[in-house]
Amino acid sequence: MKRYALSIVLPMILMAAVTYGVGRAILAWPTGEASVNRSLAADRTSLWNTLTDFGSSLSDTPYIVALTAIAAIVFRLVYRRWRESIFLVAAVWSQSLIFLATTEAVGRHRPPVRHIDPAPPTSSFPSGHVSAAVAFYCGMALVLTTHVRSRVLQVLIWVLGIAAPLAVGLSRLYRGMHFLTDVLWGVLLGVGCVVMAARAILYARERRRSELVRSA
């Protein structure tokens, strides 16, 4: 229990505190990044509206919840253990908890352009769509590449795993739902949760084994 508290709960508290601090700092010192949103909004086309609608939907909450549940079940059946399943659930849900704990407290308004997507009740910082996309798609890539020996296939998996969050982030910017710093911090938050869950769950046995070898 102590190990999980130190490897999961404590990092989550630290990430939440830093996220809140960064968000409040951004509000205190305006970044002038609304110009990016205005530029993107001025160049909108029907084609890009359609493409970014798909890109944004890659990380809609119902899809991420359903895909995470399906992936966890498939991992359990294929690998005949819970480690990969628990890792993915921990990565996805930890970023969600941190996002929910900080977004209202920060209270950043959405960019001053027309919002193509419905604006949820949460604030603009950080981007929950982006952090969820990083946690799920990069988490999936991490699990799959640990079970694939082909270097070409590993690269392909990671290209797809990184491309999906990038598509989500660019789509959310284009559709006027987030500032650039919202998206960038969403990426960092998602990465932090994947690394945390990987160290605490996915690679925990290997870490303990190497520590025993070093202490022997």
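What's counted below: heavy atoms across the whole structure, side chains too, no hydrogens, waters or symmetry copies. Note that the coordinates shown come from a computational prediction; the quantities given were computed from them, not determined experimentally.
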Going through the distances and angles, do T102 and F125 end up as a side chain to side chain contact (heavy atoms under 4.5 Å, CB included)? CA-CA 8 Å; T102 56; F125 182 92; over 6 Å; no
Atom of [X], atom of [Y] and distance for their closest heavy-atom approach:
{"X": "S171", "Y": "A167", "answer": "OG-O, 2.7 Å"}
{"X": "P111", "Y": "F179", "answer": "CA-CZ, 3.4 Å"}
{"X": "L189", "Y": "P126", "answer": "CD2-CG, 4.3 Å"}
{"X": "A16", "Y": "I98", "answer": "CA-CG2, 3.8 Å"}
{"X": "S59", "Y": "A133", "answer": "OG-N, 3.4 Å"}

Counting neighbours of NE2 on H115 that are heavy atoms of other residues, nucleotides or ligands and sit closer than 6.0 Å, is the number greater than 12?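 Yes, NE2 of H115 has more than 12 neighbouring heavy atoms, counting only those of other groups under 6.0 Å.
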Is the number of heavy atoms from other residues, nucleotides or ligands within 6.0 Å of OH (Y79) greater than 12? yes
Could you give the distance from [atom1] ([X]) to [atom2] ([Y]), rounded to the nearest 0.5 Å?
{"X": "L51", "Y": "L47", "atom1": "CG", "atom2": "CG", "result": "4.5 Å"}
{"X": "D60", "Y": "L67", "atom1": "CG", "atom2": "CG", "result": "10.5 Å"}
{"X": "L40", "Y": "L180", "atom1": "CG", "atom2": "CG", "result": "9.5 Å"}
{"X": "T146", "Y": "L202", "atom1": "OG1", "atom2": "CG", "result": "6.0 Å"}
{"X": "I116", "Y": "D53", "atom1": "CD1", "atom2": "CG", "result": "8.5 Å"}
{"X": "W93", "Y": "T68", "atom1": "CH2", "atom2": "OG1", "result": "8.0 Å"}

For the residue pair [X] and [Y], establish whether any side-chain heavy-atom pair is separated by less than 4.5 Å.
{"X": "V191", "Y": "Q95", "answer": "no"}
{"X": "V194", "Y": "F87", "answer": "yes"}
{"X": "I201", "Y": "I8", "answer": "yes"}
{"X": "H147", "Y": "E84", "answer": "yes"}
{"X": "F99", "Y": "T19", "answer": "no"}
{"X": "S127", "Y": "W185", "answer": "no"}
{"X": "M196", "Y": "S94", "answer": "yes"}

Run the numbers on M15 and C193 for side chain to side chain contact (heavy atoms under 4.5 Å, CB included), then give the verdict. CA-CA 9 Å; M15 282 189 282; C193 289; 4.0 Å; yes
Test N49 against Y174 for side chain to side chain donor-acceptor pair (under 3.5 Å), laying out the working first. CA-CA 8 Å; N49 288 353; Y174 175 91; 2.8 Å; yes
Contacts of S57 that satisfy side-chain hydrogen bond (donor to acceptor under 3.5 Å, both in side chains) - sequence neighbours left out: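 For S57, no residue satisfies side-chain hydrogen bond (donor to acceptor under 3.5 Å, both in side chains) once neighbours in sequence are set aside.
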Is there any salt bridge (charged side-chain N to carboxylate O under 4.0 Å, His left out) pair reaching into residues 96-117, and which pairs are they, with sequence neighbours excluded?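 Applying salt bridge (charged side-chain N to carboxylate O under 4.0 Å, His left out) to every pair that reaches into residues 96-117, excluding sequence neighbours, yields E33-R108, R108-D182, D117-R172, D117-R175.
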Quick check against the 3.5 Å criterion: does [X] have a side-chain atom that pairs as donor or acceptor with the backbone of [Y]?
{"X": "S96", "Y": "V92", "result": "no"}
{"X": "H178", "Y": "V183", "result": "no"}
{"X": "S131", "Y": "G186", "result": "no"}

Audit row: S56, H129, side chain to side chain contact (heavy atoms under 4.5 Å, CB included) steps and yes/no: CA-CA 8 Å; S56 181; H129 269 71; 4.1 Å; yes
Check whether [X] and [Y] end up in the same hydrophobic cluster, where Ile, Leu, Val, Met, Phe, Trp and Tyr are linked by side-chain heavy atoms less than 4.5 Å apart.
{"X": "I86", "Y": "I70", "result": "yes"}
{"X": "V65", "Y": "V168", "result": "no"}
{"X": "L88", "Y": "V78", "result": "yes"}
{"X": "F54", "Y": "W48", "result": "no"}
{"X": "I64", "Y": "L170", "result": "no"}

S123 vs H109, side chain to side chain contact (heavy atoms under 4.5 Å, CB included): CA-CA, chis, key distance, verdict: CA-CA 6 Å; S123 73; H109 294 300; over 6 Å; no
Just distance, no hydrogens or angles: give the donor-acceptor pairs under 3.5 Å from side chains in residues 134-145, sequence neighbours left out.
from : atom 1 : to   : atom 2 : distance (Å)
Y137 : OH     : L58  : O      : 2.7
T145 : OG1    : A141 : O      : 2.7
T145 : OG1    : L142 : O      : 3.2
T145 : OG1    : W158 : NE1    : 3.4

